[in-house]
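Let me begin by presenting the structure, written as structure tokens, before commenting on it.
Numbers restart at 1 for each chain; the letters A, B, ... are given by sequence-line order, proteins then strands.
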Protein chains: 2
Amino acid sequence: MSKQTAPQAIDYGDLNTLMGYKLRRAQVSFFDSFAQRCSKFGITPGLFGVLSLVKHNPGQTQSAIANALGNDRSAMVSVVDKLEAMQVLVRKPSATDRRSHALFLTKEGEKYYAELITQVREHEQQFMDLLQDDEAAIISDVLDRFAAVKSS
Amino acid sequence: MSKQTAPQAIDYGDLNTLMGYKLRRAQVSFFDSFAQRCSKFGITPGLFGVLSLVKHNPGQTQSAIANALGNDRSAMVSVVDKLEAMQVLVRKPSATDRRSHALFLTKEGEKYYAELITQVREHEQQFMDLLQDDEAAIISDVLDRFAAVKSS
DNA sequence: TATTGTTATACTCTATAACTATA
DNA sequence: TATAGTTATAGAGTATAACAATA
């Protein structure tokens with residue numbers, strides 16, 4: 001026999017009733033799926049977030065982008081390094097403050113982002129297809145409310 | 001003047017339309033809030049998940065718990081070590097398989113969990129209070145559907 | 001041969017502190 | 001004095017590979 005004991009069914013107990021755990025499971029599933037579909041682009045959700053924010057806010061500084069994403073400045077360094085190595089983003093000296101770097105998508109970066117966002121939207125659609133009628137609007141709303149809860 | 005340039009408003013662009021990003025923001029907010037409320041218990045969402053699963057499935061092995069949570073069994077070692085150090089959980093030799101450890105809550109662990117789950121439920125309620133009418137049921141349903149998406 | 005717990009290892013993510021050059 | 005980017009560092013979290021004991 002291949003297994004002596006059949007794998008016993010697990011009772012998820014409280015976890016099955018907790019929105020926090022459902023939220024985590026859903027996010028992990030979503031990001032795993034994202035990573036798989038976008039693997040050929042060599043990008044992660046974290047890199048995508050920075051790229052997208054620079055795309056929509058050209059010329060902003062690293063600190064401004066970090067703040068907007070809720071990350072620390074120091075974490076931005078390697079992220080921007082990677083995106084620069086991919087030649088989709090560039091640091092340019094700020095015109096008004098020589099301490100800071102203004103971030104821009106390269107010409108290649110614009111093309112890259114255009115192709116990437118198409119994949120990302122298809123991926124979104126794959127999940128949105130699981131919803132019916134007005135559910136999407138409700139989820140979107142509720143997640144925004146959850147995100148707005150201040151923790152201290 | 002305290003700042004030379006007023007902080008420019010950030011356009012979240014595509015991110016504001018992507019469920020994946022909303023999901024992440026909501027989860028981070030939820031877990032930050034959880035961590036704050038449960039800090040006096042010295043526990044994290046990850047530790048709580050294991051403890052809760054052992055509570056509801058006494059005698060299961062480390063591998064079974066790891067599998068149920070989608071983790072690798074190697075990651076369980078330090079988690080169980082921590083919970084054992086907190087004296088809320090014990091490894092006992094399995095009666096049927098001398099390779100494996102059966103996990104149980106200690107007497108203290110049962111008391112600890114009872115107090116903890118009360119806090120966790122209050123925390124849940126804090127977020128559920130943001131919802132109205134049938135929204136909770138819809139969110140719960142949709143998150144389950146998202147979690148069920150297989151990624152390969 | 002396969003599985004359980006374990007160790008060693010490594011990689012990502014995240015955060016803190018300190019440095020430098022600027023402001 | 002304070003801020004931007006950077007470096008060094010350290011802590012979680014997660015994963016792979018290999019090993020000893022056992023199945």
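Distance from the side chain of B:His101 is smallest for C:dG5 among the nucleotides C:dA2, C:dG5, D:dG5. With distances taken from any side-chain atom of A:Asp97 to the nucleotides C:dT4, C:dT22, D:dT14, the minimum falls on C:dT22.
Rounding to the nearest 0.5 Å gives a distance of 9.5 Å between NE2 of B:His56 and CG of B:Leu105.
For the pair A:Arg91 and D:dT6, the criterion of a side-chain N or O lying under 4.0 Å from OP1 or OP2 is met.
Distance B:Leu47 CG to D:dG13 C1': 11 Å, rounded to the nearest Å. Nucleotide C:dC13 holds its C1' atom 13 Å from the CZ atom of A:Phe31, rounded to whole Å. For the pair B:Ile43 CD1 and D:dG13 P, the computed distance is 11 Å after rounding to whole Å. If you take CG of A:Asp32 and P of D:dT14, they are 11 Å apart, rounded to a whole angstrom.
Follow the hydrophobic side-chain contacts under 4.5 Å out from B:Val120 and you never reach B:Phe31; the two are in separate clusters.
The ring pair (Phe, Tyr, Trp, His ring centres under 6.0 Å) pairs that include a residue from residues 58-77 of chain A number zero, where partners must be two or more places apart or lie in different chains.
The stretch residues 60-86 of chain A touches DNA chain D through A:Thr61, A:Gln62, A:Ser63, A:Arg73, A:Ser74, A:Val77, each having a heavy atom within less than 4.0 Å of the strand.
B:Arg98 contributes no side-chain N or O that forms a donor-acceptor pair with the base of D:dT22 under 3.5 Å.
A perpendicular orientation is assigned to the rings of B:Phe30 and B:His123, their planes being inclined by more than 60° (bins at 30° and 60°). Classification of the A:Phe41-A:Tyr112 ring pair by plane angle, with boundaries at 30° and 60°, yields perpendicular.
The residues B:Arg91 and B:Asp81 are annotated as salt-bridged, a charged nitrogen and a carboxylate oxygen being separated by less than 4.0 angstrom.
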